[in-house]
Structures are given as C-alpha cells and as structure tokens.
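Working notes, beginning with the structure itself.
All residue numbers refer to positions in the sequence shown, counting from 1. As the structure is a prediction and not an experimental result, all values here were calculated from the model.
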Amino acid sequence: MARRYEVSSEAQDDLFEIWRRIAADSLDLANRIDDEFHDLFASLGRSPGLEHSRKDLTKRPVLFFPLYSFLVVYQPEAKPIRIMAVLRGKRNVKRILEDRR
C-alpha cells in the first residue's frame, strides 16, 4: 500500500526532540506518544483536509491539527500529505514557521 504521508526533516527533528524530552521521564510514554503521532499522520493521510488553517500564524497552504499540547502542521494538497512541523502550542509557532521557509 502506498504511504499516505511523509515527514519533513524539520518535523522529524521536532518529533525526536519531543520523544527525547518525554523519554527523560518515561521511555514507555515517549514511545506511546510517538506511535500516536504516526497514527494521526496516517489518519490525516486518509482524510486530508481535517482541521483548520491559521492565517494568523502563516499564509502558507497548511492545516493545523492538535494532539495533546502540540500542533501538527501539514500540507494537505501534497501527495502524499507532508507533515511540516510538530510544535508545542506554547512556542512561538508563527516565528518558527517563518524560519522554516
């Protein structure tokens, strides 16, 4: 079966940093949350267009999907969809996305 999503190198770095921080307290929890992210990515790949745009954060053609305290930023029009970032909602998401042009 064709892959329904791809993860940008920046988003892979985001995921590793999230995993690393959580794993410092609980390796099991870090692995479970990482699995949940990839399950979500697959779900988004099956149904691109879920959730909403955030014109206040970026003019790029991306959508945002929350998971826990994180925002998954993805390009729904890409084939397969492209995960652009996985960021804590408390971070300066606008600035981070501007830096990732």
Side-chain angles (χ1 to χ4, degrees):
M1 178 160 65
R3 188 145 190 181
R4 297 183 187 266
Y5 68 91
E6 75 175 23
V7 181
S8 71
S9 60
E10 294 94 345
Q12 289 175 15
D13 292 344
D14 296 338
L15 289 168
F16 177 73
E17 184 62 25
I18 292 165
W19 180 89
R20 188 182 66 76
R21 287 183 180 211
I22 296 170
D25 292 326
S26 171
L27 185 58
D28 289 338
L29 180 60
N31 289 335
R32 190 185 80 207
I33 290 176
D34 190 63
D35 288 344
E36 288 183 43
F37 276 121
H38 288 278
D39 290 346
L40 173 61
F41 301 161
S43 180
L44 294 172
R46 286 188 298 275
S47 301
L50 292 176
E51 280 305 313
H52 57 281
S53 63
R54 292 282 310 264
K55 298 299 180 192
D56 59 317
L57 297 177
T58 184
K59 304 272 188 256
R60 297 165 89 177
V62 297
L63 295 178
F64 292 77
F65 196 102
L67 180 64
Y68 300 115
S69 61
F70 303 98
L71 290 174
V72 174
V73 183
Y74 75 101
Q75 293 175 308
E77 300 301 322
K79 302 294 183 222
I81 67 160
R82 183 168 171 82
I83 308 301
M84 301 301 298
V86 182
L87 306 169
R88 270 194 85 91
K90 291 182 178 184
R91 295 183 67 193
N92 187 339
V93 174
K94 183 176 183 174
R95 184 185 51 83
I96 292 168
L97 293 177
E98 286 173 357
D99 291 345
R100 290 190 182 184
R101 292 204 179 262

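Under the salt bridge (charged side-chain N to carboxylate O under 4.0 Å, His left out) criterion, the residue pairs touching residues 23-36 are Arg32-Glu36, with sequence neighbours excluded. For residues 47-56, every residue pair satisfying the side chain to side chain donor-acceptor pair (under 3.5 Å) rule, not counting sequence neighbours, is listed here: Arg54-Asp56. Pairs engaging residues 78-94 under the salt bridge (charged side-chain N to carboxylate O under 4.0 Å, His left out) rule: Glu6-Arg82 [sequence neighbours left out].
Criterion: ILVMFWY side-chain heavy atoms under 4.5 Å apart, direct or through other members. Under it, Ile33 and Leu44 are part of a common hydrophobic cluster. Cluster membership for Leu67 and Ile18, using ILVMFWY side-chain heavy atoms within less than 4.5 angstrom, is shared. Residues Val72 and Tyr5 are members of one and the same hydrophobic cluster, defined by side-chain heavy-atom contacts under 4.5 angstrom among Ile, Leu, Val, Met, Phe, Trp and Tyr.
For Glu17 and Arg20, the salt-bridge test passes: some basic side-chain N is under 4.0 Å from an acidic carboxylate O.
To the nearest 0.5 Å, the span separating OG1 on Thr58 from CZ on Phe64 amounts to 6.0 Å.
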- Task: Check the pair Glu10, Met84 against side-chain contact (heavy atoms from CB on, under 4.5 Å), reporting the backbone distance first and the verdict last.
- Result: CA-CA 7 Å; Glu10 294 94 345; Met84 301 301 298; 5.7 Å; no

- Query: Hey, mind stepping through Leu50 and Tyr74 against side-chain contact (heavy atoms from CB on, under 4.5 Å) and telling me if it holds?
  - Reply: CA-CA 10 Å; Leu50 292 176; Tyr74 75 101; 4.1 Å; yes

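Minimum interatomic distance between Pro48 and Pro76 (heavy atoms only, all atoms of both residues): CB-O, 3.7 Å. Gly49 and Leu63 get closest at one heavy-atom pair: CA-CD1, 3.5 Å. Here the closest non-hydrogen pair linking Ala85 and Leu97 is CB-CD2, 4.2 Å. Across Leu15 and His38, no two heavy atoms sit closer than the pair CD1-NE2, 4.1 Å.
Taking Asp13 as the reference, nothing meets the side chain to side chain contact (heavy atoms under 4.5 Å, CB included) condition, with sequence neighbours excluded. For Asn92, the side-chain hydrogen bond (donor to acceptor under 3.5 Å, both in side chains) test picks out no residue, with sequence neighbours left out.
Annotation: Phe70 is in aromatic contact with Phe37 [ring centroid separation under 6.0 Å].
Other members of the hydrophobic cluster containing Phe16, listed by chain and number, are Trp19, Leu27; membership follows side-chain contacts under 4.5 Å among ILVMFWY residues, whether direct or relayed.
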